Amino acid sequence: MPEPTSARPWTDAFTLLCERCGYVLDGIGDQAACPECGTPIARSLPAARIGTAWQRAPSAGALLRTWSSALRRPHRTLDAMAFDRPPRSTRRLRRATLAVAGLLTAPTIGTLALLILERPRRSPTGGMYQWSPGSVIGAMMLALVLAIPAWLACGGVYAALTHVEARGLVLFGRQRHARVDRIIADTIVAHGAAGWVVAAAGLALCLPFLWTMQLDVSLAQPAPFMSLAWRVLAYVGVGVALAGFLLFEVFAWLGLRRCKFANRSRPGSAADEQKRAG
């Protein structure tokens, strides 16, 4: 994307810029085109950013639609995102998304923790202790208990990675003379966190294979339903998890480029009040 070539540098976060080339548009009629690149000024107005489904009306359905839009149509989502919404809307989106991602990951991490704890339960001769079916049920209950702190831990890891990514966008934005401040960066990563949900779903696909391993530890003979299918599903799950991570990173990278000169209404302006009311 070209650097801004206007002789008048933008002075604050609310200077109207051409969102394509960064040319300062203050004082030019809304019906005109950018003198630098010819893009209609109407496309760069804050009112053109109508907000994502979550930003317009937060709900469970809006959350799913926002995830779908971010994953399937990232460019359209980035163009629609509004940056003059109350910050709490962005925080609620990020928390809801990371909570779901953590919840999907927790059973897998809890089962891994259980496997680590149960590995020492072998006889001195090298064989495995006999476990009754009741003991297996107990192991499943223990995995469920371990899943609770695992949920908090996984959510914390996702939150830390998302925070680091947002701070990185701000840093790279400064280096590229972009107007990607903390508000814009937080909004980008909150929507891009849909990639973490995909990654968490991939890790959840590994759960059946891990439980066959758990039963092999718990029982003297191999579990009867241990099969190649569970292994293949685990490999697919790892691939999906990596894809989810890449989706998050790609969305953040696209956000840095697509929102390099993003505009938002000045606080208290008529456009700002209309957006907040809507």
Side-chain angles (χ1 to χ4, degrees), residues 1-58 62 65-87 89-90 93 166 169-170 172-192 194 247 250-278:
M1 184 175 293
E3 298 293 339
T5 57
S6 171
R8 299 174 295 159
W10 50 273
T11 57
D12 58 32
F14 306 104
T15 300
L16 183 64
L17 303 179
C18 173
E19 292 201 358
R20 184 173 185 273
C21 68
Y23 191 92
V24 176
L25 301 175
D26 282 344
I28 304 177
D30 295 350
Q31 303 304 317
C34 172
E36 180 67 22
C37 65
T39 301
I41 291 178
R43 296 183 184 177
S44 298
L45 296 177
R49 292 189 167 275
I50 60 175
T52 58
W54 174 271
Q55 290 179 320
R56 293 194 298 270
R65 291 194 299 273
T66 301
W67 289 348
S68 176
S69 178
L71 295 173
R72 297 171 55 201
R73 298 180 293 273
H75 288 88
R76 187 179 302 179
T77 302
L78 290 165
D79 290 343
M81 285 192 311
F83 301 113
D84 48 6
R85 302 282 173 169
S89 175
T90 297
L93 172 61
L169 290 181
V170 174
F172 288 132
R174 290 174 181 171
Q175 293 176 346
R176 297 188 178 191
H177 307 288
R179 193 164 57 177
V180 179
D181 57 14
R182 182 171 179 177
I183 292 176
I184 293 178
D186 285 345
T187 306
I188 291 172
V189 299
H191 287 78
L247 285 171
V250 169
F251 190 92
W253 177 76
L254 288 175
L256 180 61
R257 293 176 55 86
R258 201 80 175 180
C259 303
K260 187 174 184 179
F261 305 119
N263 293 300
R264 56 180 181 264
S265 305
R266 292 184 182 275
S269 66
D272 177 67
E273 294 300 329
Q274 183 179 2
K275 275 196 172 185
R276 291 174 183 270

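Here the structure is a predicted model, which is why all the values come from computation and not from measurement.
A pairwise comparison of heavy atoms in A190 and T90 identifies CB-CG2, 3.7 Å as the closest pair. Contact between G22 and L17 at its shortest, heavy atoms only, is O-CD2, 3.7 Å. Pairing each heavy atom of P74 with each of L71, the nearest pair is CD-O, 4.1 Å.
Atom CG in L25 sits 5.5 Å away from atom SG in C34 (nearest 0.5 Å). Remark: I41 CD1 to L16 CG distance equals 7.0 Å, nearest 0.5 Å. Separation of atoms CZ (R20) and NZ (K260) is listed at 12.5 Å; rounding is to 0.5 Å. Annotation: the span from I188 atom CD1 to C259 atom SG amounts to 4.5 Å, rounded to 0.5 Å.
Around atom CZ of F172, no more than 12 heavy atoms belonging to other residues, nucleotides or ligands sit under 6.0 Å away. By the 6.0 Å contact criterion, CZ on R76 is open, its count of non-hydrogen atoms from other residues, nucleotides or ligands being 12 or less. In this structure, Q31 places its CD atom where only 12 or fewer heavy-atom neighbours from other residues, nucleotides or ligands lie under 6.0 Å away.
Proximity of P35 to Y23: side-chain heavy atoms (C-beta onward) are separated by under 4.5 Å at one or more points. Put simply, the side chain of F251 reaches to within 4.5 Å of the side chain of L78, judged on heavy atoms. Under the 4.5 Å side-chain criterion, counting only non-hydrogen atoms from C-beta, E36 is not in contact with C18.
Side-chain atoms of N263 never come within 3.5 Å of backbone atoms of P46 as a donor-acceptor pair (strictly under, hydrogens ignored). Put simply, the side chain of W54 never gets that close to the backbone of W67: no donor and acceptor are under 3.5 Å apart. A donor-acceptor pair is defined here as one N or O able to donate and one able to accept, closer than 3.5 Å; such a pair exists between the side chain of Q55 and the backbone of A82.
Between the side chains of H191 and T52, at least one donor N or O sits under 3.5 Å from an acceptor N or O.
Listed by chain and number, the residues in a side-chain hydrogen bond (donor to acceptor under 3.5 Å, both in side chains) with D30 amount to none (sequence neighbours excluded). Evaluation of the side chain to side chain contact (heavy atoms under 4.5 Å, CB included) rule for A53 yields R56, A62, R65, T66 as partners, not counting sequence neighbours.
Tested against E19, the residues R43, R49, R257 include a single salt bridge (Lys or Arg N to Asp or Glu O under 4.0 Å) partner, R49.
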Result block: side-chain N/O donor-acceptor pairs under 3.5 angstrom for residues 180-187, not counting sequence neighbours:
unit_1: D181; atom_1: OD1; unit_2: I183; atom_2: N; d: 3.3
unit_1: D181; atom_1: OD1; unit_2: I184; atom_2: N; d: 3.1
unit_1: D181; atom_1: OD2; unit_2: R264; atom_2: NH2; d: 2.4
unit_1: D186; atom_1: OD1; unit_2: R167; atom_2: NH2; d: 3.1
unit_1: T187; atom_1: OG1; unit_2: I183; atom_2: O; d: 2.8

